[in-house]
Asker: 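My structure is below; once you've seen it, I'll send some questions.
Each chain gets a letter, A, B and so on, in the order its sequence line appears, and its residues count up from 1.
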There are 2 protein chains.
Amino acid sequence: MRKITIEDVAKAAGVSRALVSIAYRGVAGVSESTRDHIFEVGKRLGYVPNLNAARLASKDIRTVGVFLQDLHNEVFADVFDGIRQVIDETEIQIVLAVGSSAPGHDSKALDTLIAARVGVIIAAGLTMADSDLKRYAKRTKIVSVTRKLEGVSSVVADDYAGAMLATKHLLAMGHTRIAFLANPQTDGYLDRQRGYLDAMSGAGVAPIVQPSSYVRMEAEVDAATLLKAEKPTAVFAHNDLSALGVLDAVLSAGLRPGADVAVVGYDNTSLSQTPVLALTTVDPHSHDLGREAAKLALELLGADVSPKTVVLEPQLIVRASSTKSLETKSGRPEGRPLI
Amino acid sequence: MRKITIEDVAKAAGVSRALVSIAYRGVAGVSESTRDHIFEVGKRLGYVPNLNAARLASKDIRTVGVFLQDLHNEVFADVFDGIRQVIDETEIQIVLAVGSSAPGHDSKALDTLIAARVGVIIAAGLTMADSDLKRYAKRTKIVSVTRKLEGVSSVVADDYAGAMLATKHLLAMGHTRIAFLANPQTDGYLDRQRGYLDAMSGAGVAPIVQPSSYVRMEAEVDAATLLKAEKPTAVFAHNDLSALGVLDAVLSAGLRPGADVAVVGYDNTSLSQTPVLALTTVDPHSHDLGREAAKLALELLGADVSPKTVVLEPQLIVRASSTKSLETKSGRPEGRPLI
DNA sequence: TTGTAGGCGTTATCAT
DNA sequence: ATGATAACGCCTACAA
C-alpha cells in the first residue's frame, strides 16, 4: 500500500499541490467550493498530510513540544490536560516527551524535542541543574512549569507560600513536633522546604527535616525512620505521593493518621481527594499551570517575547488526615477519617 | 541563532554530508578516527540532527508510535515503562500520543501517529469500535495492547481468566452476593465481565452487574447505588481506580471494607499496592505487556510479520480489602486493613 | 572508506 | 484564487 501524497490529491482533484496545501492548513487562499472538492478527494484517497515533510518545509513552526517528568505522578497528567485544553483550540500540534523518576532522563527528552525542531518547549518538572536548564534556554524557547528560573519563562505556583499555609495550619492545630519529609535537595525544588522552615522559625518551633525521594516506597521507609526517631505529631510531605508513604508508615507504627499523627501532602492530586485517604494538601492548581504555560508558549511561538514569570496562588485544602477533631466515625463534608 | 545543519558539520569537518550522516546514525562505513572527528566538530557546533528531515528521507522507518489511552490511569505508565525499556536498547525513536477518558479521542491520536509516518504503532487501551480499529490496522502496522482483536497483532493479559480468579476467590471466601462494577459495554473490554459471569454461574450463584465508567467519582456514585439496592457482601470492580470508588462508597455507607464488604480491583497499580488501601486485585503484568508489545513492534518494523497474539497469565494478589479474617488491627504480611 | 547527486513530501515565494 | 518552483535537511544508492 503506497503512501499517498499531496501530489496524488492535487492530480486527482485537478488542482496544484499548493492549493491542496493551503486547503489542508486551513489558511486563507482557497475558494470554498474548491476546498470542499479537495477535501472530498483527499478523504476518498485516504490522504493524511506528512507531518515530517510539513515541519521540514515550514518556516514558522506550528508545533509545541511538551516534556513531562514522570507519568507515574498524576500531577503531570493534570498539567498536560491544561496544556492540551489550550493548544487544542489552535491548529498547533503537540509533540510529547517524557522522563522518569530517574534523574538525567530529562535532558535526553529535551534533546528529542529539539531534534523534532519544535517551536517552543513546555517543560513540566525538570530536575536538571540550573546551569543545564539555562544552556537549553539559550538554544530553544522554553516555558518551565513548576520550576522557576531567572531568565527563563516560567509558570509556577507559589510553593513557598503553599508550604507556609500547610505548616501554619499544622501549627494552628496545636502541633509543635512537625516534621517535613523532603524531596532531593538537588532537584531545584526547595521552596516548599523553605516555606516550611520559615513558618517554623516564625513560630519559634524547631524544625525536623527528613530527606527522602520521589518514590512512594522510599518515602514509607524514610517516614518510618522519622516516626521512630523523632516521634513527630505531624508530618508535612513534599508531595501527595510521599504523603501516601507517610500514611503507610503511620499505620504500620500502629498509629492513627489524623488522630495520632497529622499528615499533609502537596499537589491535590485525585489521590488526595479520595475520601478513603482524605489527605489534607496544598492545591497548586496544576491544571491552570498547564493552561497558563500553554498560553505563554503560544506567545513565544509568535514572537520573541522576553522571559516572563506567571505565579499562581496555591490553596490549602483541609481534609481529615490533619484534623484531630475528625477522629470520630460521624459523617463529614470534607472526606472521612482513615480510621 | 541559525539552526546548524549536517552540511555545516561536513564543511567544518572537511568531509562530505554522507559521512556525517553515516556517523550520526551509528552504522558501518566510517573509520573510527573520522567518526570521532565528526562528532567533535558536531558537538562544538551544537549540531542536532533534524528528525523531521531524517524521517522524511529515510526509507525504513526508525520510529515507533505509542498511543496511551489515559495519563490519569497509572496502568498506562506501567505499560509505557515496559515499552521504553525495550525500545531504549535500540536506535529507534518513540513518538507518543495520548488520549483521554473521553471517548473518540483515540482515533485523533492515532491520526497524529500516522501523520508522523511511524513504522508501527503500539496502542494501549484503545476504546474505539472493532470496525474502526480494523480499518486502522489495514493502513498501518498496529500492536494492540490490552485489547484483543482478530487479525490485529495484540498483547494482552487473559482478562477472562483473571476475572475468574478474582471471582472464585470471593466465592471461596464464602460470599454469595458478589457484585461486578462494570466498565462501559461499548469499549471492547468485556472479558473481565465474562469471567465474572461464568465464575458465578459455574458456582450456581446469581450475578449482580452494576454498569459504571472509568471515572473514580462516577464509580463511587454507582457503587453507592449498588450497595443500597443490592446489599452485596463483595464487590469486584473492573479496575483499581473504580475499586477505589467502591472503597469510598463502602466507607460512606458506614461499612468496613474487608470486613463488611470485600472489595477487589483489577490492574495491580501502585495504588492498590499501597498498604493504606491494601486492595486485593489482579495483576495483568502491565510492565511485561509493554515489553512484549515492544518486541512485537520491533519485529513488525523489520518485516511483514503476520498478526500474532501474545497472552500473559494474570495473577491474583490477595490483600486485606477482601480478607474478612484480616479485620483485626494486628500486623500482617500483605498489607493492613483499612479499618 | 569517502564523495556525488537525486529524491523524500511539504511549504512558501512569486507570478498569473 | 490559482499555479509553478525553489527551498527545507537528510538519506541512499551509486560511483570512485
Side-chain angles (χ1 to χ4, degrees), chain A residues 1-39 41-42 45-63 91-93 114-119 301, chain B residues 1-39 41-42 45-63 91-93 112 114-119:
Chain A
M1 43 170 177
R2 188 177 123 279
K3 291 290 178 187
I4 89 111
T5 75
I6 202 173
E7 173 125 40
D8 300 323
V9 178
K11 211 167 287 179
V15 297
S16 70
R17 293 178 306 179
L19 262 193
V20 178
S21 172
I22 289 172
Y24 269 90
R25 273 179 296 153
V27 300
V30 223
S31 68
E32 243 186 85
S33 57
T34 59
R35 179 163 53 77
D36 291 345
H37 177 230
I38 287 173
F39 280 155
V41 173
L45 266 50
Y47 170 64
V48 178
N50 184 327
L51 276 182
N52 300 311
R55 293 197 182 119
L56 177 59
S58 89
K59 207 80 208 125
D60 71 316
I61 306 292
R62 311 176 225 292
T63 309
E91 292 284 292
I92 288 172
Q93 301 268 345
I114 290 175
R117 296 296 189 272
V118 299
L301 212 51
Chain B
M1 45 169 174
R2 187 179 124 277
K3 291 290 177 187
I4 87 112
T5 75
I6 203 173
E7 173 126 38
D8 300 322
V9 178
K11 211 168 286 177
V15 297
S16 71
R17 294 178 306 176
L19 262 193
V20 179
S21 171
I22 290 172
Y24 270 90
R25 272 179 296 151
V27 300
V30 222
S31 67
E32 243 185 84
S33 58
T34 59
R35 179 162 53 77
D36 291 346
H37 177 231
I38 288 173
F39 280 155
V41 173
L45 266 50
Y47 170 64
V48 179
N50 184 327
L51 276 180
N52 300 311
R55 293 197 181 119
L56 177 59
S58 86
K59 210 75 207 133
D60 71 314
I61 307 292
R62 308 178 228 292
T63 308
E91 292 284 292
I92 289 172
Q93 302 267 348
T112 302
I114 290 175
R117 298 295 191 271
V118 298

Asker: Do A:S21 and A:R17 have a side chain donor and acceptor closer than 3.5 Å?
Answerer: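 Absent: no donor and acceptor within the cut-off.
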Asker: Tell me the closest heavy-atom pair linking B:A53 and A:L56, and the distance in Å.
Answerer: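 Residues B:A53 and A:L56, closest heavy atoms: CB-CD1, 3.8 Å.
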Asker: Which part of the nucleic acid does A:L56 contact within heavy-atom distance under 4.0 Å: base, sugar-phosphate only, or nothing?
Answerer: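 Result for A:L56 = base.
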Asker: Students often get this wrong, so: under 4.0 angstrom with heavy atoms, is B:Y47 touching a base, only sugar-phosphate, or nothing?
Answerer: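 Sugar-phosphate only.
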Asker: May I ask you to verify if any side-chain N or O of B:R25 is less than 4.0 angstrom from the OP1 or OP2 atom of D:dT12?
Answerer: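 Checking D:dT12 against B:R25, a side-chain N or O does come within under 4.0 Å of OP1 or OP2.
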Asker: Is A:A18 touching bases, backbone alone, or none of the nucleic acid, heavy atoms closer than 4.0 Å?
Answerer: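 The answer is base, as A:A18 lies within the cut-off (heavy atoms under 4.0 Å) of a base atom.
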Asker: Please report the distance, rounded to the nearest Å, between CD1 in A:I6 and P in C:dC8.
Answerer: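 Computing the A:I6:CD1 to C:dC8:P distance gives 15 Å.
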Asker: Is the shortest side-chain N/O distance from A:T34 to OP1 or OP2 of D:dA1 below 4.0 Å?
Answerer: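 No, because none of the side-chain N or O atoms of A:T34 sits under 4.0 Å from OP1 or OP2 of D:dA1.
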Asker: Take atom CZ of A:R55 and atom C1' of C:dA12, then tell me their distance rounded to the nearest Å.
Answerer: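 The answer, rounded to whole Å, is 18 Å.
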Asker: Looking at A:S21, I'd like to know whether one of its side-chain N or O atoms comes within less than 4.0 Å of OP1 or OP2 on C:dT11.
Answerer: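 Looking at the OP1 and OP2 atoms of C:dT11, one of them is under 4.0 Å from a side-chain N or O of A:S21.
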Asker: With heavy atoms under 4.0 Å as the rule, sort B:V20 into base, sugar-phosphate or nothing.
Answerer: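 Answer is nothing: B:V20 stays at 4.0 Å or more from every strand.
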Asker: Have a look at A:R35 and say if it touches a base, only the backbone sugar-phosphate, or nothing, with a 4.0 Å heavy-atom cut-off.
Answerer: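 No contact.
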Asker: Round to a whole Å and report the spacing from CG of B:N52 to P of D:dA7.
Answerer: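 Atom CG in B:N52 sits about 20 Å away from atom P in D:dA7.
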Asker: Is there a side chain to side chain contact (heavy atoms under 4.5 Å, CB included) between B:N50 and B:T5? Walk through the geometry before answering.
Answerer: CA-CA 8 Å; B:N50 184 327; B:T5 75; over 6 Å; no
Asker: Nearest to the side chain of A:R17, heavy atoms from C-beta on, is which of C:dA5, C:dG3, C:dT11?
Answerer: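 Of all the options, the side chain of A:R17 is nearest to C:dT11.
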Asker: What integer distance in Å separates B:I4:CD1 from D:dG9:C1'?
Answerer: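 So the CD1-C1' distance, B:I4 to D:dG9, works out to 11 Å.
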Asker: Between B:E91 and B:R25, which heavy-atom pair has the shortest distance, and what is it?
Answerer: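 Looks like OE1-O, 3.9 Å.
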Asker: Which listed nucleotide (D:dG9, C:dG3, D:dT5) is nearest to the side chain of B:S16?
Answerer: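 Nearest listed nucleotide: C:dG3.
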Asker: Side chain to side chain contact (heavy atoms under 4.5 Å, CB included), that's the test. Do A:V48 and B:R117 meet it? Break it down for me.
Answerer: CA-CA 9 Å; A:V48 178; B:R117 298 295 191 271; 4.1 Å; yes
Asker: Can you measure A:R62 atom CZ to C:dT10 atom P for me and round it to whole angstrom units?
Answerer: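 After rounding, the gap between these two atoms is 13 Å.
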Asker: How close or far is atom C1' of D:dA7 from atom CZ of A:R117, stated in whole angstroms?
Answerer: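 Those two atoms, CZ and C1', are 16 Å apart.
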Asker: Between C:dA12, D:dT2, D:dG9, which nucleotide gets closest to the side-chain atoms of A:L19?
Answerer: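 Selected nucleotide (nearest to the side chain): D:dT2.
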Asker: Tell me: CD of B:E7 to C1' of D:dC10, nearest whole Å?
Answerer: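 These atoms are roughly 11 Å apart.
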Asker: To the nearest Å, how far apart are A:K3 NZ and C:dT10 P?
Answerer: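 Spelled out: NZ on A:K3 to P on C:dT10 is 11 Å.
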Asker: Which listed nucleotide (C:dT10, C:dT2, D:dT2) is nearest to the side chain of B:V30?
Answerer: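 The listed nucleotide nearest to B:V30's side chain is C:dT2.
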Asker: With a 4.0 Å limit, can you tell me whether B:S58 has a side-chain N or O closer than that to the phosphate oxygens OP1/OP2 of C:dC8?
Answerer: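 No, no such contact exists.
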